[in-house]
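Please read the structure below before turning to the comments.
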Amino acid sequence: VQLQASGGGLTQTGGSLRLSCVASGRTFSRLIMAWFRQAPGKEREFVAAISYGGSPTFYADSVKDRFTISRDNDKNTTYLHGNSLKPEDTVVYFCAADSTKRIPRMGILQRVRTYDYWGQGTQVTVSS
């Protein structure tokens with residue numbers, strides 16, 4: 001599976017983001033998709049995940065009520081929309097794919113090691 005993320009850039013505090021991740025090489029509807037993010041010198045952290053058909057979805061507490069993950073299986077694409085951005089949202093965002101057939105649960109989906117495939121990362125910068 002190849003993952004290509006895009007959509008990062010510069011925005012202001014209170015602004016919004018829209019990230020996209022296009023997958024190729026495998027049946028997209030058989031992948032659980034997720035977004036993680038990583039700040040310099042810190043561990044990669046879970047942001048959100050979405051199951052095969054678009055539900056259920058899972059969110060980190062830090063982004064709940066501000067971010068929305070979605071997917072379009074016809075376009076092999078998953079999205080991350082964010083609102084009310086804060087300077088601490090300034091990090092590199094990565095999309096990831098889990099090819100193991102499973103019942104999606106937060107405890108598993110928030111782990112980095114759950115995912116087989118990773119995109120290259122896209123930088124989001126939120127100015128104060």
Side-chain angles (χ1 to χ4, degrees):
V1 176
Q2 292 78 46
L3 302 177
Q4 182 69 41
S6 62
L10 175 66
T11 188
Q12 295 183 332
T13 298
S16 61
L17 64 79
R18 183 178 184 269
L19 306 181
S20 300
C21 177
V22 180
S24 61
R26 192 145 182 173
T27 303
F28 185 69
S29 60
R30 296 180 181 176
L31 301 171
I32 290 175
M33 299 299 297
W35 289 93
F36 284 73
R37 63 186 186 182
Q38 187 170 21
K42 294 190 176 181
E43 294 186 352
R44 194 165 296 187
E45 66 173 6
F46 173 77
V47 176
I50 186 166
S51 189
Y52 307 100
S55 178
T57 56
F58 305 84
Y59 295 94
D61 289 342
S62 59
V63 304
K64 195 175 295 184
D65 298 328
R66 295 191 300 124
F67 285 23
T68 301
I69 188 171
S70 61
R71 66 190 295 161
D72 185 335
N73 286 350
D74 291 334
K75 295 182 178 179
N76 292 353
T77 303
T78 188
Y79 304 97
L80 185 68
H81 291 84
N83 297 309
S84 303
L85 294 181
K86 308 173 183 179
E88 51 263 43
D89 295 319
T90 296
V91 289
V92 178
Y93 287 77
F94 296 88
C95 62
D98 171 22
S99 63
T100 301
K101 186 177 181 180
R102 67 172 89 246
I103 296 173
R105 293 192 175 95
M106 181 66 166
I108 294 174
L109 297 185
Q110 65 182 355
R111 300 173 186 167
V112 170
R113 65 177 183 267
T114 294
Y115 298 88
D116 311 288
Y117 306 100
W118 292 85
Q120 84 285 6
T122 183
Q123 174 75 47
V124 172
T125 301
V126 183
S127 63
S128 58

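This structure is a prediction, so every number in the text was calculated from the model and none was measured.
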Any residue meeting ring-ring contact (aromatic ring centres under 6.0 Å, His included) with F36, in chain and number order, not counting sequence neighbours: F46, Y115, W118
For D98, which residues count as a side chain to side chain donor-acceptor pair (under 3.5 Å) partner, sequence neighbours excluded? R102
Between CE of M33 and OG of S51, what distance do you get to the nearest 0.5 Å? 12.0 Å
Hey, could you give me the OG/OH distance between S6 and Y93, rounded to the nearest 0.5 Å? 15.0 Å
I need the L10 CG to L17 CG distance, nearest 0.5 Å. 12.0 Å
Rounded at 0.5 Å granularity, tell me how far CG in N73 sits from OH in Y52. 12.0 Å
Ignoring hydrogens and angles, tell me if any N or O in the side chain of T114 forms a donor-acceptor pair with the backbone of I108 under 3.5 Å. yes
Please determine whether residues V124 and V22 belong to a single hydrophobic cluster, defined as Ile, Leu, Val, Met, Phe, Trp and Tyr linked transitively by side-chain heavy-atom distances below 4.5 Å. no
According to a hydrophobic-cluster definition based on side-chain heavy atoms being under 4.5 Å apart (Ile, Leu, Val, Met, Phe, Trp, Tyr only), do F94 and V47 belong together? no
Answer yes or no: is there a donor N or O on one side and an acceptor on the other, between the side chain of Q38 and the main chain of V91, under 3.5 Å? no
With disulfide (SG to SG under 2.5 Å) as the rule and sequence neighbours excluded, what pairs involving residues 9-118 come up? C21-C95
When you compare the side chain of N76 with that of S24, does any pair of heavy atoms fall below 4.5 Å? no
Please check if the number of heavy atoms outside E43 that lie under 6.0 Å from its CD is greater than 12. no
Applying ring-ring contact (aromatic ring centres under 6.0 Å, His included), can you list everything that pairs with Y117, at least two apart in sequence or on another chain? none
Any donor-acceptor pair under 3.5 Å linking the side chain of N83 with the backbone of T68? no
Treating Ile, Leu, Val, Met, Phe, Trp and Tyr as nodes and any side-chain heavy-atom pair under 4.5 angstrom as an edge, say whether L109 and L31 lie in one connected cluster. no
Check this for me: Q12, atom CD, are more than 12 non-hydrogen atoms of other residues, nucleotides or ligands nearer than 6.0 Å? no
May I ask you to check whether over 12 heavy atoms, not counting those of R111, lie within 6.0 Å of atom CZ? yes
To the closest 0.5 Å, what do you measure between OH (Y79) and CG (D72)? 5.0 Å
Just jot down the side chain to side chain contact (heavy atoms under 4.5 Å, CB included) partners of R66, sequence neighbours excluded, or say none. V63, S84, L85, K86, D89
With no hydrogens and no angle check, is any side-chain donor or acceptor of T125 less than 3.5 Å from a backbone partner on T90? no
List in chain and number order the residues that pass side chain to side chain donor-acceptor pair (under 3.5 Å) with R30, two or more places apart in sequence or in another chain; answer none if no residue qualifies. none
Shortest non-hydrogen separation from G8 to L19 and the atoms involved: N-CD2, 3.6 Å
Just how far is it from atom CZ of R37 to atom CG of L80, taken to the nearest 0.5 Å? 9.0 Å
ILVMFWY network linking V112 to F58, side-chain heavy atoms under 4.5 angstrom: yes
Looking at A23 and L3, what are the two nearest heavy atoms and their distance? CB-CD2, 3.5 Å
R71 side-chain N/O to I32 backbone N/O, donor-acceptor pair under 3.5 Å: no
